[in-house]
Each structure stands twice: as C-alpha cells, then as structure tokens.
Amino acid sequence: MSATPTTPPPALRPYLTARHDLLWQEADAFAAEHVAPRAARMEAAPGRVERKVADLMAARRWFAVTVPAVFGGLGAGHVARTVLVHRIARVSAAAAAILQATLIPVGALLHFATYEQKGHWLPRVADGSVLLSIAVTEPLAGGHIGGIETTAEHIGNQWVITGSKIHIGNSHLAGAHLVVARTAAAGVSTSQALTAFVVEADRPGLSVSDHCAGLGLHGFSAGRLDLDHVRVPEDNVVGEVGQGLAVAQSSSILYGRPNLAAVSLGIHETVVDTTTSRLSTRPRYQGALSDLPVLRDRVGGMEARLRAARILAYQSVHLLDQGLPCDADLINAKYLGHQWAVQSAQDAMELHGANALDRDYIVQRLWRDIQHTYPPAGTGEVQRIRLADAAFAEDHIQWSERLAAEAAWARPDPTAA
C-alpha cells in the first residue's frame with residue numbers, strides 16, 4: 001500500500017471542486033505523515049485506543065468538516081466529508097472510523113439542535129475539545145430502533161436515563177454521547193416514543209466498559225455504555241421530545257451510510273493497489289504473475305467493482321450537497337460499496353496465497369477491516385428492504401430532501417475555489 005499523495009481520478013471530476021482537490025491532497029499528505037507510521041502500531045496493539053490520530057485530525061477541524069464557519073467548522077459539505085474519510089481509510093480504516101463516527105452525531109446536531117445548542121457543542125467539536133458518539137444500538141434490540149429499551153423519565157426539570165448501549169463508535173474518545181431513549185409508554189408508536197439527548201461523558205451514573213478489540217479496526221473503540229439513572233437537564237434534549245426516531249434515522253441515512261461507503265472505498269482501493277503491486281513484481285514463467293490471463297481476469301473484476309463503487313460513493317454525496325432527494329442513492333452506495341469491497345478482499349486473500357494468512361500482512365488486515373462496514377447503519381438486508389421501498393415508490397420520507405432547507409445555509413458554494 002502506498003500513502004503517497006495522488007490526484008483524483010478523472011471519473012470524479014464532475015463532483016469535485018478546486019477546494020475538494022486541495023482537501024484530497026491535504027488528506028493524502030496527512031495520511032502519509034501521521035497515519036501510516038501509526039498503522040502498524042495500531043494493529044500490533046489491538047487493545048489500545050488510538051488517541052493521537054484523533055488529536056491531529058481535530059487540529060485540522062476535520063470533525064467539523066460539514067459544520068458552518070459560524071460555529072468554527074470548515075463548512076465544506078458532504079463531498080468534502082467523503083474525501084477525508086475515503087483518503088484516510090486507504091491507509092487506516094480504523095483512523096477513518098474515528099473520524100466518521102463523530103461526524104454522524106454532528107449531523108444530528110446540525111439538523112435538530114437549537115441554535116443555542118449548536119453554539120455550545122459545535123465549536124467544541126470543531127476545535128477538538130469534545131468528540132461525540134451516537135448511542136442507539138442496544139444489547140437485545142441490536143439495530144432495531146423500535147426495540148429500544150433504554151428509558152428516559154421526566155422528573156422535575158431533568159430527564160433520568162437508564163439502560164445500556166453497545167457497539168458505540170468512539171465510546172472511549174467521546175466527551176459526550178447522543179443517546180436515543182424511550183420517553184413514551186409501551187404501545188405508543190415508535191415514531192413518537194423516542195427522544196435524543198446529549199449526555200456528557202462525565203455525568204454520574206454513566207460508565208464505559210473497558211475497551212475490547214474487535215475482529216478488525218484495531219485502535220478504534222466501539223464499546224458499551226451503561227446508564228444508571230443518569231440525570232441530564234431539559235436543555236440536553238436534541239430536537240423535540242418524541243423526535244428521536246427521526247434524529248436516528250436521518251443521521252444514519254445522511255451521514256452513517258455515506259461515511260461507511262467512504263470507508264469501504266478506501267479499503268477497496270488499497271486491496272486493489274496491493275494486489276496489482278504484488279502480482280506485477282512476483283516472478284513466474286519468465287515473466288510475472290500479472291502476465292497470467294487467469295489472474296488478470298480476477299484483477300479485472302476487482303477493478304470493475306472498485307470503479308463502480310467510487311462513482312456511487314461520490315455521486316450520492318454530490319446529490320446531497322445539491323439538496324436533491326437521494327436517500328436511496330446513499331443507501332445503495334453503502335450497500336454495494338461494502339459488498340463489492342468484500343468480494344475484492346476475498347479475491348485478494350486468494351491471490352496473495354499463504355502470505356495473506358500472516359497476521360502482520362496488510363491484506364489480512366484489509367479483509368478483517370472490511371467486515372466492520374456491514375452491520376453499522378443497517379445490514380445488507382436492511383438496505384435492500386429500503387431499496388425495495390424505493391422501487392415500489394413507498395419511500396415516503398426523503399431525509400435528503402426534507403432537511404435540505406435546513407442544510408442549505410451551510411452548503412458550500414459550488415463555484416468556490
């Protein structure tokens with residue numbers, strides 16, 4: 001894998017401005033200087049949470065790439081967000097996961113928080129003093145939002161939250177968590193039964209379990225939060241009471257899914273680059289492995305999938321930046337981007353032979369990392385159901401369109417350099 005800065009491929013030109021080009025180069029240079037030297041250490045110590053890379057990204061205000069300048073952010077939009085996550089993921093999917101995991105709750109605040117809440121939280125995200133997580137998934141309900149059992153009870157001028165959340169990205173780095181809890185009695189429609197709260201990490205009663213390394217993404221924490229009668233003021237409600245489902249769903253579609261498409265794309269590119277490099281330099285039969293038609297056929301399939309995934313990832317967020325309805329496109333980018341990267345990673349494992357089974361071999365890391373882009377923001381089955389809704393014209397809520405008006409004032413000028 002090369003961490004050398006590159007220029008965007010011509011196929012992406014319709015979606016990139018001069019500002020995106022500069023950000024592309026900046027991200028590649030950052031990955032080469034700061035991420036690549038740490039990648040091996042992150043892999044060798046999977047039980048350790050990587051904090052320095054987060055600090056370095058925060059210093060560049062990347063956690064606020066979609067946050068308007070009035071709140072200290074870059075105000076660069078969704079294509080810019082994809083550029084950053086994609087280019088970092090080429091070198092370390094774990095480092096890219098740290099970035100993308102905070103961008104999801106940031107999106108929720110942008111769309112649902114009051115102006116005062118934005119003024120309090122977003123500048124702190126922008127300067128890196130507070131990272132965020134979004135806490136929806138639960139031990140029994142999994143990703144089924146309607147099955148959330150964490151409760152929030154309104155007592156006096158406070159809310160008291162009790163329950164557990166699991167697989168929470170940046171659980172050990174976040175200074176605050178966006179927690180979705182049940183605020184209505186059983187029998188109330190899910191669309192009105194949930195509420196989102198900002199819960200500061202130092203609130204009494206909130207505990208974070210020790211970090212346990214997963215199959216891949218070593219250095220990234222995705223842990224468990226336990227809330228035992230955690231009290232938060234009314235001002236910590238994000239959106240209206242009963243609007244938690246909207247907060248969670250819109251954040252997943254507009255931020256979670258394109259973020260994961262970008263992570264998958266970065267992994268996919270490195271899978272292909274690593275494989276072509278090996279086949280080109282491995283001697284065989286008075287030539288190289290890359291001369292064998294049977295292997296070129298496999299690589300051709302990898303390249304076809306990669307090119308298609310790249311277009312889907314960037315086209316969908318370009319539509320989002322334009323304020324056009326594109327929920328199904330964002331869903332499709334995540335679904336196919338993951339699926340195609342998994343296919344290519346499996347091909348790479350076979351094409352690299354027994355070397356791919358070595359723990360410190362990059363292809364093994366890539367194969368393990370890509371598994372982590374399947375469950376979050378909805379499994380493949382969930383994505384296909386949502387795409388079927390679109391096919392039958394039953395996708396009645398278009399979050400990309402509904403929230404376009406709120407986001408328009410933060411949208412980058414397409415003519416800006």
Side-chain angles (χ1 to χ4, degrees), residues 1 8-9 11-12 15 24 27-28 31 35 39 78-101 103-104 143 167 169 214-220 222 252-275 301-318 320 326 328-349 362-384 386-387:
M1 174 194 58
L12 296 185
Y15 315 119
W24 184 291
D28 277 358
V35 180
H78 298 288
V79 171
R81 164 168 59 107
T82 290
V83 167
L84 290 177
V85 176
H86 163 207
R87 303 314 291 170
I88 299 302
R90 286 177 62 253
V91 177
S92 169
I98 293 172
L99 175 59
Q100 74 86 25
L103 292 174
I104 301 171
H167 307 309
L215 174 69
L217 298 187
H218 293 162
F220 172 66
S252 175
I253 292 174
L254 303 185
Y255 283 80
R257 290 168 190 178
N259 286 357
L260 291 165
V263 174
S264 294
L265 177 58
I267 295 171
H268 201 165
E269 282 194 1
T270 301
V271 164
V272 174
D273 288 348
T274 303
T275 301
M302 296 166 70
E303 178 70 7
R305 291 188 290 267
L306 173 60
R307 286 173 177 263
R310 187 184 290 130
I311 293 297
L312 285 183
Y314 278 91
Q315 181 188 61
S316 61
V317 287
H318 172 72
L320 188 56
C326 57
D329 300 280
L330 298 167
I331 290 168
N332 198 37
K334 190 265 186 181
Y335 168 61
L336 286 177
H338 164 82
Q339 180 173 292
W340 286 336
V342 167
Q343 287 181 267
S344 292
Q346 184 59 39
D347 279 348
M349 287 290 288
I362 185 173
V363 171
Q364 196 224 59
R365 166 163 68 91
L366 297 169
W367 184 91
R368 286 188 284 103
D369 285 350
I370 194 58
Q371 311 305 321
H372 287 258
T373 66
Y374 180 76
T379 63
E381 289 79 7
V382 170
Q383 311 306 330
R384 290 194 294 273
R386 297 286 80 83
L387 289 168

If we ignore hydrogens and angles and just use 3.5 Å, is the side chain of [X] paired with the main-chain N or O of [Y] as donor and acceptor?
{"X": "R257", "Y": "I331", "value": "no"}
{"X": "S92", "Y": "A89", "value": "no"}
{"X": "K334", "Y": "T373", "value": "yes"}

Work out which heavy atom in [X] is nearest to a heavy atom in [Y]; give both atom names and the distance.
{"X": "A261", "Y": "A333", "value": "CB-O, 3.6 Å"}
{"X": "P258", "Y": "R81", "value": "CG-NH1, 3.7 Å"}
{"X": "A341", "Y": "S264", "value": "CB-O, 3.9 Å"}
{"X": "A27", "Y": "I88", "value": "O-CD1, 4.0 Å"}
{"X": "W340", "Y": "A308", "value": "CZ3-CB, 3.4 Å"}
{"X": "F220", "Y": "A94", "value": "CB-O, 4.0 Å"}

Subject >> H318 atom NE2, over 12 foreign heavy atoms within 6.0 Å >> reply: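 Above 12, so yes.
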Subject >> Beyond-backbone contact of V271 with I370, side-chain heavy atoms, under 4.5 angstrom >> reply: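 Result no, sub-4.5 Å side-chain heavy-atom pair not found.
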Subject >> Min side-chain heavy-atom separation L306-L265 under 4.5 Å >> reply: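 With C-beta onward as the side chain, the pair touches.
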**OP:** Assess whether side-chain contact (heavy atoms from CB on, under 4.5 Å) is satisfied between T270 and I362, documenting all intermediate values.
**Re:** CA-CA 9 Å; T270 301; I362 185 173; 4.0 Å; yes
To the nearest 0.5 Å, what is the distance between [atom1] on [X] and [atom2] on [Y]?
{"X": "Q371", "Y": "L215", "atom1": "CD", "atom2": "CG", "result": "6.5 Å"}
{"X": "Q364", "Y": "D369", "atom1": "CD", "atom2": "CG", "result": "10.0 Å"}
{"X": "L312", "Y": "L330", "atom1": "CG", "atom2": "CG", "result": "10.5 Å"}
{"X": "R368", "Y": "I267", "atom1": "CZ", "atom2": "CD1", "result": "11.0 Å"}
{"X": "T275", "Y": "L366", "atom1": "OG1", "atom2": "CG", "result": "8.5 Å"}
{"X": "Q339", "Y": "Q343", "atom1": "CD", "atom2": "CD", "result": "5.5 Å"}

Subject >> With L320, the side-chain contact (heavy atoms from CB on, under 4.5 Å) member among D329, V79, L254, I253 >> reply: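 Considering D329, V79, L254, I253, a side-chain contact (heavy atoms from CB on, under 4.5 Å) with L320 is found only for L254.
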**OP:** Could you give me the CA-CA distance, side-chain angles and deciding distance for R305 and V272, then say whether side-chain contact (heavy atoms from CB on, under 4.5 Å) is met?
**Re:** CA-CA 10 Å; R305 291 188 290 267; V272 174; over 6 Å; no
Original post:
Does Y255 have any side-chain hydrogen bond (donor to acceptor under 3.5 Å, both in side chains) partners at least two apart in sequence or in another chain, and if so, which?
Top reply: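 Counting only residues at least two positions away or on another chain, Y255 forms no side-chain hydrogen bond (donor to acceptor under 3.5 Å, both in side chains).
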**OP:** Have a look at Y335 and tell me which of R386, Q383, R384 forms a side chain to side chain donor-acceptor pair (under 3.5 Å) with it.
**Re:**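 So, applying the side chain to side chain donor-acceptor pair (under 3.5 Å) to Y335 and each of R386, Q383, R384, only R384 qualifies.
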Original post:
What about Y314 and H86, are their ring centers closer than 6.0 Å?
Top reply: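 Judged by ring-centre distance (under 6.0 Å), Y314 and H86 do meet the cut-off.
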**OP:** Under the side-chain contact (heavy atoms from CB on, under 4.5 Å) rule, what do R310 and H268 come out as? Steps first, then yes or no, please.
**Re:** CA-CA 9 Å; R310 187 184 290 130; H268 201 165; over 6 Å; no
